[in-house]
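Structure record follows, encoded as structure tokens.
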Amino acid sequence: MNRVLSRRFLRFSWDTVSCSTVQRPRQGFPCVQLHTTGGSMASSVEAFNQAKAQLGTLKNDPGNEVKLQIYALFKQATQGPCNAPKPGMLDFVNKAKWDAWKSLGALSPDEARQKYVDLISSLVAAEGPPVAAAASSTGSEKAFQTLVVTTEDGITTIQLNRPQKKNAITREMYNDLMDALDLAGKNDSVITVLTGSGDYYCSGNDLNNFTKIPEEGIEQLAKDSGELLRRYVKAYIDFPKPLIAVVNGPAVGVSVTVLGLFDIVYATESATFHTPFSNLGQSPEGCSSYTFPKMMGVTKASEMLLFNKKLTATQACDLGLVTEVFPDSSFQSEVWTRLKAYAKLPPNSLALSKQLIRQVEKDKLHAVNDAEVELLVERWLSDECMNAIMSFFQGKGKAKL
């Protein structure tokens, strides 16, 4: 019976851990002992979010009992003491999870958050320092100021790395992203992943981009910005390998519109998707004026692109913008388990199949990109746009593109 249940439970990841009778840790994996003092209980939300991200980096399965601990502490930290009805006796998975959560009693969310951080930290420490990223097939590596780029186990990961600014994209970051995509397209990796650091995926354009006016004037700024955006979107249209977005939090503006050019989009359940163009007197980009109506229908696309509707992750999934949504507690571990499996597939087969799927529309996408950029350059020079951006900097607006 236990063997049957174990096979069933192991199909699930961190969020759906089992109650199989594991009495000792797996061979070679240290037993986890947590010792926390009252003075260290109040772990910061930032440390908690970092621990969630670290969970996805674990290479070893810590066993079902530890997974239950992780699940229970996460629920206690985010929802408080267990108040859910007890599952039926035959619902083995959910009953095990419920029992683990219930066993924490009246433990405060602050204490649970600290214990969660301590537990994940101990698991990461037990595995030793991370393996250095593999060099690209070009024989050289580039240092990026605004990104963390690694290649390991057949996966090139491009992580936006301005968490203090919610990963808002600067002009430098646009160039870094294009360089990183170029390297990823040429190296030996099988798939490429784009994600964010901190609690945001990306808050869109850093509007300070619009304040650095060159000597040639604002017309030149608009022209240069348009060309930068054209090349940036082109890098996604022409990317030769499977490209996967791992949306770890809210996404705004251009970080949303280019998602139609990705092959897979995985999102955590707390992610949101917002394109507030008209609020800022601007117009869509990233080929979204074509890809969004195609995937979700004209009326639903209009709600987003014209009338600034913000979508939840579930709504975005229902409309086809997102491939699949995962619970916050298991997002990183479940997604990275899949990505590592994808990276073991034959690379040439994947690349050629992607090209076959995308080739038919490439010319159309390039034409749409050109048209969108042309209109945006006009909008950036309009009184509507200038007034909207001035209002933003005066504290009257909160949206980014």
Side-chain angles (χ1 to χ4, degrees), residues 13-14 49-60 120 124 127-163 166-167 169 172-202 232 235-236 239-251 255 258-259 261-268 271 322-324 326 328 330-345 347 350-351 354:
S13 191
W14 300 93
N49 288 331
Q50 288 176 348
K52 283 197 298 181
Q54 286 179 318
L55 182 61
T57 69
L58 294 177
K59 295 182 175 62
N60 299 320
I120 302 303
V124 172
E127 291 191 346
V131 178
S136 69
S137 62
T138 59
S140 62
E141 293 187 45
K142 175 180 171 62
F144 296 96
Q145 297 299 313
T146 63
L147 311 173
V148 176
V149 180
T150 59
T151 299
E152 186 177 1
D153 297 330
I155 304 172
T156 292
T157 303
I158 303 171
Q159 185 178 46
L160 310 180
N161 194 36
R162 295 185 74 215
K166 301 190 183 302
N167 298 321
I169 305 177
E172 177 188 20
M173 203 167 183
Y174 273 116
N175 285 307
D176 278 353
L177 280 163
M178 285 186 283
D179 287 345
L181 287 168
D182 182 60
L183 289 173
K186 295 175 180 176
N187 67 16
D188 292 331
S189 63
V190 179
I191 62 175
T192 297
V193 174
L194 184 65
T195 191
S197 59
D199 58 353
Y200 257 66
Y201 175 68
C202 176
Y232 178 68
Y236 289 99
F239 193 74
K241 300 177 183 178
L243 184 61
I244 300 171
V246 175
V247 184
N248 57 296
S255 70
V258 296
L259 291 178
L261 303 175
F262 282 69
D263 300 294
I264 289 177
V265 178
Y266 289 143
T268 191
V322 169
T323 309
E324 190 169 349
F326 298 82
D328 290 340
S330 61
F331 174 63
Q332 295 289 345
S333 58
E334 288 197 58
V335 166
W336 282 96
T337 296
R338 293 195 188 188
L339 297 179
K340 290 173 183 177
Y342 297 160
K344 294 178 181 178
L345 296 171
L350 288 178
K354 169 175 177 166

Nearest-0.5 Å distance, OH of residue Y342 to OG1 of residue T337: 10.5 Å
Stepwise side-chain contact (heavy atoms from CB on, under 4.5 Å) check, Y201 with L259: CA-CA 12 Å; Y201 175 68; L259 291 178; 4.2 Å; yes
Side-chain (S197) to main-chain (L160) donor-acceptor, under 3.5 angstrom: yes
Smallest separation among heavy atoms of N187 and K241, with atom names: O-NZ, 2.7 Å
K340/E152 salt bridge by N-O under 4.0 Å criterion: no
L339 and V246, any side-chain heavy atoms less than 4.5 Å apart: yes
Full working for side chain to side chain donor-acceptor pair (under 3.5 Å) between N248 and T268: CA-CA 6 Å; N248 57 296; T268 191; over 6 Å; no
Approximate separation, where rounding is to 0.5 Å, of F144 CZ and D176 CG: 6.0 Å
Pairwise distance OG1(T195) to CG(N161) - rounded to 0.5 angstrom: 11.5 Å
Atom pair CG/CG of L147 and D179 - distance to nearest 0.5 Å: 9.0 Å
Sub-4.5 Å side-chain heavy-atom contact between M178 and M173: no
Polar side chain donor-acceptor pair, T192 to T156, under 3.5 angstrom: no
From S255 atom OG to N167 atom CG, the distance as rounded to the nearest 0.5 Å: 9.0 Å
A271 to G249 - nearest heavy-atom pair and separation: CB-O, 3.5 Å
Residue pair K52 / D199, side-chain heavy-atom distance below 4.5 Å: no
Close side-chain approach of V190 to I155, heavy-atom, < 4.5 Å: no
Residues forming a ring pair (Phe, Tyr, Trp, His ring centres under 6.0 Å) with F239, sequence neighbours excluded: none
side-chain contact (heavy atoms from CB on, under 4.5 Å) assessment of V265 paired with V247: CA-CA 7 Å; V265 178; V247 184; 3.9 Å; yes
With D263 via salt bridge (charged side-chain N to carboxylate O under 4.0 Å, His left out) - residues at least two apart: K354, R358
Aromatic plane relationship, Y236 with F262 - under 30° parallel, 30 to 60° tilted, over 60° perpendicular: tilted
Minimum-distance pair of heavy atoms, taken over all atoms of S189 and A184: OG-O, 3.7 Å
Euclidean distance, E334 CD relative to E324 CD, rounded to 0.5 Å: 8.0 Å
Audit row: W336, V193, side-chain contact (heavy atoms from CB on, under 4.5 Å) steps and yes/no: CA-CA 10 Å; W336 282 96; V193 174; 4.2 Å; yes
Residues which pass ring pair (Phe, Tyr, Trp, His ring centres under 6.0 Å) with Y266, listed by chain and number, not counting sequence neighbours: F326
L194 and its side-chain contact (heavy atoms from CB on, under 4.5 Å) partner, picked from L177, V258, I244: L177
